[in-house]
Every structure is written in C-alpha cells, then in structure tokens.
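Just below is one structure, and these are the notes that go with it.
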Number of protein chains: 2
Amino acid sequence: MAFSKPLVAASSRPMILAILQEGTSYGYKIIQRVREISGGQMEWADGMLYPVLHRLEKEKLIQSQWMQSEEGRHRKYYSITELGKETLHQEKEAWISMNQIMLNLWDLKPAK
Amino acid sequence: MAFSKPLVAASSRPMILAILQEGTSYGYKIIQRVREISGGQMEWADGMLYPVLHRLEKEKLIQSQWMQSEEGRHRKYYSITELGKETLHQEKEAWISMNQIMLNLWDLKPAK
DNA sequence: TCGTTGTACATAGATAATCTATGTAACTTA
DNA sequence: TAAGTTACATAGATTATCTATGTACAACGA
C-alpha cells in the first residue's frame, strides 16, 4: 500500500491533532503511534513530522513544553489546545464529508 | 463546510479520474460535475482544474482531443487511459485504507 | 447593437507545503 | 567503545496549489 503524497499531507494534521487529543506526547512517540495505528502501513520520517509540529504550534493548535523525563531524557512534550480541539472537530467533519463524496462517486461507476 | 487545501488536493486527482471513468468529458463540465456530486459543497475554480488536467495528461493518465460540438463549440475532451484506470484503482484503495486509519484513530477517543 | 452573463480554455507568478538530507547529541546495550 | 536507538532541528530542493488575469465566442435581453 503506497499512500500518495497529497493523501499523506491531508491526513497529517488531523492525525497529529487526534493523537495529541489522546494525551500529551512528543515527536518520537508520535511517529511510533502513527506506525501503530496504521498497522505498519505508514512510516513518518522525523524530518517530516517536526516542521508540521512547529507549524501547528505557530497556529496555536498545539503547545509545547520542554521537560525532563524520569530516565533523564530531555523531551519536548506537545499537548492540544482548545483551538486545536475545535480545529480537529472541523477537520474530522470535512474528512467524513469528503469521504462520502468519494464513495458516492465511486459507487456510480466502481473502478474495475 | 470548509474543506482544507490539503484535503482538496488529495481528492482532486482521484475525483477527476473517477469522473472521466464515467465517460469522456471536458473542463467546464467536470467543474459542474464536481459541484453536483458534492451537493454544492465543492466549487472548483477553472484556474485550479486546468493545470491538474495538464499534469494528468503529461503523466498519461488521461488523454485529450479537441472537438467541435454540435452547437459549434470548440472543446477539449478528455478521456481516461488504461494507466489512468489502474492509477484510479490504486488511489481508491489507498483512500479507503487511509480513511479506515482515521476512523480507527477517532473512534479510540472521539473528538468532543 | 450593446452590455452582461455564461461557456470554455490557458498561464504567469505568488505562495505554501512537503520531503530528503544532514546535523547534533544523549542514552542504551552488547 | 562501538553500534543502535532515542530525540529534536533545519536548510534547500522540489513540488503543488491558488489567485489573478487574459482570450474568445455564444446567448440573451434591453
């Protein structure tokens, strides 16, 4: 299964927001979570994730905090903001709508 | 309902391919068809569509032919190629997979 | 016959985004 | 101590969208 670039691009923001709505997390762990929920189908490179996280933070959809974990690890923890939750809700609705449109289109004349 | 740019971008190619799989069509009519299948939710500007059509043709997923309609209209008709049908099939599978991943993610912790 | 609206295609240029490659550094484990 | 993993960051190339603008003809009403 190869996901097209635009499809990955369309999913990245709502996916990150949804993962952070599960609870506070950090870059490296988000990548693992993506692999997990996709059943190994998606592999995000870290160089892909961090710029997206920075953009989301700039837009105030998420916020970050440097913290020391118990093992002594220095990590940047991200959490979703109220604005982020609202945005996620909207993006979720848009996704479902778009999916319905695509399914309708395909059902008329299913791909052979 | 406002669709995000990336979501529109992700849908444009499979949508055009699916519309052309219904039968030969041309730019202006494709825009109307998009409006129709989306229940008026999507409005494509012509300046958005034509570059995508040109790209798809360059990739040999569709092919074009200038024709004179009965009313005397000069139109560029597009039809899907075999390669285009295969690509549509793959993109459809990828879309369905991605949708499943998103639904799984959202079901774990539904957006409030 | 003139102006407006609709049909029909095209592209330039600004903007925005991804994605690869690369760099840094600390911790873990063999 | 070497290799692998964890962890974050950014530069630069590439790619794509999207707005604005241009052309042209048909249809229709005033």
Side-chain angles (χ1 to χ4, degrees), chain A residues 2-16 19-20 24-36 42-59 61-79 91 94 98, chain B residues 2-16 19-20 24-36 42-59 61-79 91 94 98:
Chain A
F3 295 110
S4 69
K5 288 182 186 186
L7 191 54
V8 172
S11 67
S12 65
R13 287 166 57 102
M15 199 175 286
I16 290 170
I19 287 171
L20 289 181
T24 295
S25 190
Y26 55 94
Y28 196 84
K29 203 172 177 191
I30 291 172
I31 291 173
Q32 293 178 309
R33 185 84 183 102
V34 167
R35 180 168 41 229
E36 190 183 310
M42 293 190 80
E43 276 292 337
W44 277 3
D46 51 358
M48 281 172 63
L49 175 64
Y50 292 113
V52 179
L53 285 175
H54 297 162
R55 221 176 357 262
L56 289 175
E57 185 169 26
K58 202 175 166 193
E59 293 172 36
L61 304 184
I62 63 178
Q63 58 193 11
S64 69
Q65 196 180 1
W66 280 103
M67 284 204 302
Q68 209 79 15
S69 72
E70 284 137 30
E71 322 98 287
R73 276 253 176 228
H74 190 55
R75 291 186 191 127
K76 199 172 187 178
Y77 285 87
Y78 287 93
S79 54
E91 292 218 25
M98 184 65 86
Chain B
F3 295 109
S4 69
K5 288 180 186 186
L7 191 53
V8 173
S11 66
S12 65
R13 287 166 58 102
M15 199 176 284
I16 291 170
I19 287 171
L20 289 181
T24 294
S25 189
Y26 55 94
Y28 195 85
K29 202 173 177 190
I30 291 172
I31 290 173
Q32 293 177 310
R33 185 83 184 102
V34 167
R35 179 166 43 229
E36 189 183 310
M42 295 190 79
E43 276 292 338
W44 278 3
D46 51 358
M48 282 172 62
L49 176 64
Y50 292 113
V52 180
L53 286 175
H54 297 161
R55 219 173 2 258
L56 289 175
E57 186 170 25
K58 203 176 166 193
E59 294 172 36
L61 305 183
I62 63 178
Q63 59 194 9
S64 69
Q65 195 181 2
W66 281 103
M67 286 204 302
Q68 209 79 13
S69 73
E70 283 138 29
E71 320 100 287
R73 276 255 174 225
H74 190 54
R75 292 187 191 126
K76 198 172 187 177
Y77 285 87
Y78 286 93
S79 54
E91 292 218 25
M98 183 65 86

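Here is the naming used below: chain letters follow the sequence lines, and residue numbers restart at 1 for every chain.
The CG atom of Leu7(A) sits 16 Å away from the C1' atom of dA17(C) (whole-angstrom rounding). Atom CD in Glu57(B) sits about 16 Å away from atom C1' in dT11(C), given to the nearest Å. In this structure, the CE atom of Met48(B) is 14 Å from the C1' atom of dT15(C), given to the nearest Å. Computed from coordinates, the Gln65(A) CD to dC8(D) P distance equals 14 Å when rounded to whole Å. When rounded to the nearest whole Å, the span between OH of Tyr77(B) and P of dT7(C) equals 14 Å. The CD1 atom of Ile30(B) sits 12 Å away from the C1' atom of dA8(C) (whole-angstrom rounding). For the pair Lys5(A) NZ and dA16(D) P, the computed distance is 7 Å after rounding to whole Å.
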Could I get a table of every N or O pair under 3.5 Å where one atom is in the protein and the other is in nucleotides 4-7 of chain D?
from, atom 1, to, atom 2, distance (Å)
dT6(D), OP2, Tyr28(A), OH, 2.2
dT6(D), O5', Tyr28(A), OH, 3.1
dT6(D), O2, Arg73(A), NH1, 3.4
dT6(D), O2, Arg73(A), NH2, 3.4
dA7(D), OP1, Arg75(A), NE, 2.4
dA7(D), OP1, Arg75(A), NH2, 2.2
dA7(D), OP2, Tyr26(A), OH, 3.0

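When side chains are defined from C-beta on, Leu53(B) counts as touching Ile30(B), because their heavy atoms get closer than 4.5 Å.
Applying the side chain to side chain contact (heavy atoms under 4.5 Å, CB included) test to Gln65(A) and every residue at least two apart in sequence or in another chain returns Met67(A). Evaluation of the ring pair (Phe, Tyr, Trp, His ring centres under 6.0 Å) rule for Tyr28(B) yields no partner, not counting sequence neighbours. Residues forming a side-chain hydrogen bond (donor to acceptor under 3.5 Å, both in side chains) with Glu36(A) (at least two apart in sequence, or on another chain): Arg33(A). In this structure Lys29(B) satisfies the side chain to side chain contact (heavy atoms under 4.5 Å, CB included) test together with Ser25(B), Tyr26(B), Gln32(B), sequence neighbours excluded.
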Please table the atom pairs, donor to acceptor, closer than 3.5 Å between any side-chain atom in residues 42-52 of chain A and protein atoms at least two apart or in another chain.
from, atom 1, to, atom 2, distance (Å)
Glu43(A), OE1, Arg35(A), NH1, 2.9
Glu43(A), OE2, Arg35(A), NH1, 3.0

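Pro51(B) comes within 4.0 angstrom of a base, heavy atoms only.
Contact check, His54(A) against dT10(D): a side-chain N or O comes under 4.0 Å of OP1 or OP2.
Residue-to-nucleotide proximity on DNA chain D shows that, of Pro6(A) and Tyr78(A), the 5′-proximal contact is made by Tyr78(A).
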